[in-house]
Amino acid sequence: MSTAVVADALTKTYGSRRGSLGRPAVDNVSFAVEEGETFGIVGESGSGKTTVSRMLLGLVAPTSGRAVVGGVDVWGGSREDRRRLPQAIQVVFQDPYSSMNPRMRIGKIIAEGLRGPGGKAARSGELGRLLQLVGLPERYAELFPHQLSGGQRQRVAIARALAMNPAVLVADEPVSSLDVSMRGQILNLLASLRETYGLTCVLISHDLGVVRQFCERVIVMSAGQIVEQGDPDEIFQAPRHDYTKALVASIPHLPGQA
Amino acid sequence: MIDTSTPSTDGSRLDPATPVILRLEDVSIVVGNRGGDRALVTGLDLEIDKGEVVGLVGESGSGKSISALACVGLLPSALSVGRGRILLSGEDVTHASEDHWRQLRGREVAMVFQDPMTSLDPCFRIGSQIVESIRAHQHVSREVAAKRAIDVLGHVGIADPARRFDAFPHELSGGLRQRVMIAAALVLEPKVLIADEPTTALDVTTQASIIELVKGLCAELSMSVLWISHDLAVVSELADRVAVTYAGELVEAGCIREVFSEARHHYTRGLLESAVHGKRGEAFGFISGSVPEPSDWSAGCRFGARCSRADEQCAQHPAMTQVRLHRMVRCHHPIHGAPS
Amino acid sequence: MTAVELPQFTLVDRKRSRERARRVGRVRVLVLVGYGIIGVFGLVAQLVPSLEHRMTDQSMRDTFLPPLSPGHLLGTDVLGRDSLWRLIGGLGVSLSVGLTAAALSVVLGLVVGILGGFFGRAAEVTTSVLVDVMWAFPAILLAIVFAGWLGPGLPAVVLALALTGWASFARIVRGEVLSLREREFIAAAQVLGVPKVVISFRHLLPNLLPVKMLMSVFFVATAIVAEAGLSFLGLGAQPPTPSLGVTLAEGRDYLNVTWWPVVIAGGVLTVLVLLLNGLSDDLRDRFDPKLRERS
């Protein structure tokens, strides 16, 4: 089993060369994700978890450190290498409203990353397959985002990501903006797609309960640093770091729940 | 209406003879002014006694937020209360004038919103904003009002309140800002506090401290609270009773422990299954389908399209069945007993 | 509970004022369309010889005829040319200069704005400096330079206006791009591997549309006034090309003899600019609240 994602001493400090804005947003974060593994990054706002994901995706350049995804050195590699990045890693964002261009039709949105040979027929066949994969009827390709519900939009976002056939899928708070009764639909969809395609999943969330059910390994971040890592169940039942202890203790419980 | 003969087994902590602070009777909220075309909330019945914490649970489209706004007279001008009555401490305020609401707000009823950043004016120091609301209701000098403000800031757990009094909203963290909002809401000691998703935008650790704060204040001041949230776990941490809403109407209500352990309505069951997390590898709980828009509400049971137990009878709109005092469910086929 | 208790969404009840504004807006658009039609006609007329004559035919006998004289609805000017036809021609000139300068400005402003906002630090710094330099340049100075280079006339005016106007536009566009680029669908497109140029056309440009339309209407008004001013100074339209500014200049010289030319040309210009400004206000109202209002 090879390593799908390697984060090596990633650091991000915002601010100009003359002075920085206080502490680094991401401070010396290192971790590795095996192929096919489901990995979780847990943290609250300001913990740096989103910045870490953006460094892996090639959106935000680290101040120092390396990120290697699917064999591609995201920031140090050659141009040809970096062109392979979209096939290596894709993302599903949190907000199903702002993650799609409101003026584009669903079909165009999903197929946006697709290029290359095949022509229109092949592409529309592919589009149909993708829509079916995420449980949406084919006629939805003609609709606009505002005509869909939040959950349906997240399905579109998943289809868009899968269109690139990536090895790694990053899901950044994929259900936090959805109604509670809908979250399970999307999470189950991600779980089944993970099975079918052998995807390496990186789930970013503030919800330790979701991460516990979905991920095999997790890191807990606070103030830009990794404070704890390991098996989600162990961390939940026996947290070692003070921050994790406070986090676990604050989780509200339904009556009669552990 | 209130049964005084049986002891309270329904969750209300106090003597059944205590007054009802907030009551909604068959309230419907419509778009438009004259009886309106479209209803966003129908047939809402709710009662909060003195010192009680009642949770109002629902997802998007449930109408919980506009119901809350109606209780403080802040419905957007495009909406109005179509039918029913809203009573504050026995007084009918359904169609109260804005002037009358201005007197009531702060003293009888107060509201705290989800996003403290948009509720506080960023141009003014927080202390002066609290002072302003005090002086809007009482003829006291600035100094007296300032002292009262500092007191209440300390009361909500803000360290060094005299210094924070001069802070601007952007200098405070989200949790502190929400405490300021609560302080501002409480400073005139209202009888009921309405909180609309007050911790949704906060971190889990901050959320826990705000919940503790409200619990403590509620006990100390015998203040009633209507806590609105989509998060069942949060509501169960502090509410005595809960009301579950779906698609603009109440579907189940009762004592928290009972509703959450022996939910009778299928929606409540589904919601609970979605909220509870299982073991690794298990499927996540969910309710298939999605919440209908008001224009798509069925004339029968509004949850019918998503319910596994629905049959022909559900084409009739189910009425609210009263099981006991404060325990009710709106379903043709309510579930009996705890989940297996 | 005043400042502390603002509700999170306010559907402002603008029914009555909205209806009134709509009526005014409709009249305004109607009149502007009228101007537009006359302007197009005036432009075309300058190219058709038989019509062009009416604007340039002089008559030493019929100078300074007052309005409502037989054959000359608005009278004649100092050289006996029909005032009404010169007005029509002048509107044509205003329209062509205004639209051309606005179009060039918009294109230039968009390109520089998007480059500066979206294509990295080096581009941002370069375009910033460029914008600041052009911002400082007065249009008149540039017009004189171009007049010297190309010869005085409308091409010089258009060029000068376009080259000074794009700067403010670019700045606004860059601001919009900076906020747009944080939107997640832009990030999503980048992760999908879509090249930045394609993203600019596919995602940025359509979402910049409201800003474009708004600014260009406002700019057309500015350009029209600038052209009139430059023509007034003699740098713009050269005889025999009609222009509102030229009419104003001539009228000023002979104000002691007759006040019609100044009043008519000035009045038409004023009303035109007011209408255009009103239109850009309307457009802003239509596009802004949609972004601010949460339903």
Side-chain angles (χ1 to χ4, degrees), chain A residues 38 40 42-47 135 148-153 175-192 194-195 205-218 222 231-233 236 243-258, chain B residues 57-62 173-174 199-212 229-238 242 246 255-261 267-268 270-293 303 306 338:
Chain A
T38 307
V42 169
E44 308 195 292
S45 55
S47 59
L148 270 58
S149 72
Q152 289 166 330
R153 266 182 257 203
V175 293
S176 307
S177 302
L178 303 178
D179 280 331
V180 172
S181 62
M182 307 265 278
R183 292 181 188 183
Q185 295 178 23
I186 300 299
L187 289 167
N188 288 338
L189 175 63
L190 282 172
S192 83
R194 174 184 63 184
E195 287 301 309
S205 183
H206 65 278
D207 190 336
L208 197 48
V210 168
V211 169
R212 205 180 158 193
Q213 193 171 343
F214 197 80
C215 304
E216 294 155 18
R217 230 170 18 106
V218 71
S222 168
D231 185 295
D233 280 325
F236 201 86
Y243 172 76
T244 329
K245 287 187 190 160
L247 192 64
V248 172
S250 326
I251 297 176
H253 298 295
L254 285 165
Q257 213 195 353
Chain B
V57 166
E59 297 177 301
S60 56
S62 59
S173 69
T199 56
T200 306
L202 302 174
D203 288 338
V204 164
T205 40
T206 320
Q207 170 175 273
S209 59
I210 297 290
I211 292 175
E212 280 310 306
S229 180
H230 66 276
D231 191 334
L232 297 170
V234 167
V235 165
S236 51
E237 288 278 331
L238 44 52
V242 67
Y246 181 81
C255 152
I256 274 254
R257 215 156 297 133
E258 195 184 332
V259 170
F260 283 174
S261 57
Y267 174 63
T268 318
L271 212 54
L272 285 163
E273 270 160 39
S274 308
V276 170
H277 292 302
K279 296 207 177 24
R280 178 117 26 92
E282 279 179 6
F284 289 85
F286 66 95
I287 305 179
S288 60
S290 52
V291 183
E293 296 281 308
F303 185 65
R306 302 172 76 183

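Atom set for the values below is all heavy atoms of this structure, side chains included, hydrogens, waters and symmetry mates excluded. Naming: A, B, ... by sequence-line order, numbering from 1 per chain. Everything numeric in this text was worked out from a predicted model, so none of it was measured.
Neither the backbone nor the side chain of Glu212(B) has a heavy atom closer than 4.5 Å to any heavy atom of chain A. Contacts between Asp207(A) and chain B at a heavy-atom distance below 4.5 Å involve the side chain alone, from C-beta outward. If you measure heavy-atom distances from Val291(B) to chain A, the contacts under 4.5 Å come from the side chain alone.
For the salt bridge (charged side-chain N to carboxylate O under 4.0 Å, His left out) test, no residue two or more places apart in sequence or in another chain qualifies with Glu293(B). With sequence neighbours left out, the side chain to side chain donor-acceptor pair (under 3.5 Å) criterion links Ser222(A) to no other residue.
For the set Ile211(B), Leu232(B), Leu202(B), Thr205(B), the entry with the most heavy-atom pairs within less than 4.5 Å of chain A is Thr205(B). When the candidates Ser290(B), Gly281(B), Gly278(B), Ser288(B) are compared by the number of heavy-atom contacts under 4.5 Å with chain A, Gly278(B) comes out ahead. Contact count versus chain B (heavy atoms, under 4.5 Å) is highest, among Pro232(A), Gly150(A), Ser149(A), Ser192(A), for Pro232(A).
Atom CD of residue Glu216(A) and atom CG of residue Asp233(A) lie 11.5 Å apart, to the nearest 0.5 angstrom.
Ring pair Phe214(A)/Phe284(B) is tilted by interplanar angle, where 30° to 60° counts as tilted.
By the 4.5 Å heavy-atom criterion applied to side chains, Pro292(B) and Tyr246(B) are counted as neighbours.
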